[in-house]
Amino acid sequence: EGRVGEKDPWLLGSRLALANNLVFLGELDDAERIASEAVGVGERAYGAHETTLRAMQCLWLAYFKLCYVGDAIAVCRRMR
């Protein structure tokens with residue numbers, strides 16, 4: 001008891017903040033991994049929700065910076 005679950009909004013928000021910072025620090029592989037995990041958690045916990053959209057935006061940015069154009073386009077399509 002006292003442990004935070006993966007669906008906790010504060011933990012998810014912290015992971016997204018970390019992933020965004022990692023993108024701008026150039027740690028793109030770690031940013032992509034964390035953002036991808038956050039998208040999965042967001043979809044399971046909240047479905048189509050602002051938190052999930054923020055996670056997808058972070059994942060899109062990581063893909064964009066990694067020049068993974070096809071993956072970035074796929075994320076855009078999922079955000080519709």
Side-chain angles (χ1 to χ4, degrees):
E1 188 136 345
R3 294 183 64 192
V4 178
E6 73 170 5
K7 297 177 182 178
D8 182 88
W10 291 100
L11 179 60
L12 190 55
S14 296
R15 286 184 177 163
L16 287 175
L18 174 61
N20 273 307
N21 285 323
L22 288 172
V23 166
F24 290 105
L25 289 172
E27 300 291 331
L28 300 172
D29 292 328
D30 288 334
E32 176 196 4
R33 179 182 52 79
I34 293 168
S36 182
E37 290 170 0
V39 168
V41 170
E43 288 177 332
R44 286 190 303 276
Y46 305 108
H49 185 268
E50 177 185 346
T51 303
T52 307
L53 184 61
R54 284 192 355 248
M56 286 182 174
Q57 182 182 26
C58 182
L59 181 59
W60 174 87
L61 184 59
Y63 284 153
F64 180 78
K65 297 282 275 186
L66 284 163
C67 298
Y68 295 171
V69 176
D71 291 328
I73 291 169
V75 170
C76 285
R77 288 185 177 135
R78 288 173 64 191
M79 286 194 284
R80 287 186 188 172

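- More than 12 heavy atoms of other residues, nucleotides or ligands lie within 6.0 Å of CD in E37, so this atom counts as buried by the packing criterion.
- Note on L28 and L59: same hydrophobic cluster, where clusters join Ile, Leu, Val, Met, Phe, Trp and Tyr whose side-chain heavy atoms are under 4.5 Å apart, directly or indirectly.
- L16 is not connected to L18 by any chain of hydrophobic side-chain contacts under 4.5 Å among Ile, Leu, Val, Met, Phe, Trp and Tyr, and they are in different clusters.
- In this structure a side-chain-to-backbone donor-acceptor pair under 3.5 Å is present from R44 to G40.
- Side-chain contact check for E32 versus D71: every heavy-atom pair is 4.5 Å or farther apart.
- Remark: R15 CZ to W10 CH2 distance equals 15.5 Å, nearest 0.5 Å.
- Y68 and M56 fall within the same hydrophobic cluster, where Ile, Leu, Val, Met, Phe, Trp and Tyr residues are linked whenever their side-chain heavy atoms come under 4.5 Å apart, directly or through other members.
- For A31 against A19, the heavy-atom pair with the smallest separation is CB-O, 3.5 Å.
- Both L53 and L61 are part of a single hydrophobic cluster, where members link through side-chain heavy atoms under 4.5 Å apart.
- Residues V23 and F64 form no side-chain contact, since every pair of their non-hydrogen atoms from C-beta on lies 4.5 Å or further apart.
- To the nearest 0.5 Å, the span separating NZ on K65 from CG on L22 amounts to 12.5 Å.
- Residue H49 holds its NE2 atom at 9.0 Å from CZ of R54, rounded to the nearest 0.5 Å.
- Annotation for W60 and A72: closest pair CD1-O, 3.2 Å, computed over non-hydrogen atoms.
- Counting only distance, with no hydrogens or angles, the side chain of T52 and the backbone of G47 share a donor-acceptor pair below 3.5 Å.
- Hydrophobic clustering (side-chain heavy atoms under 4.5 Å, transitive across Ile, Leu, Val, Met, Phe, Trp, Tyr) groups F24 together with L66.
- Between atom CD of residue Q57 and atom CD of residue E50 there is a gap of 10.5 Å, rounded to the nearest 0.5 Å.
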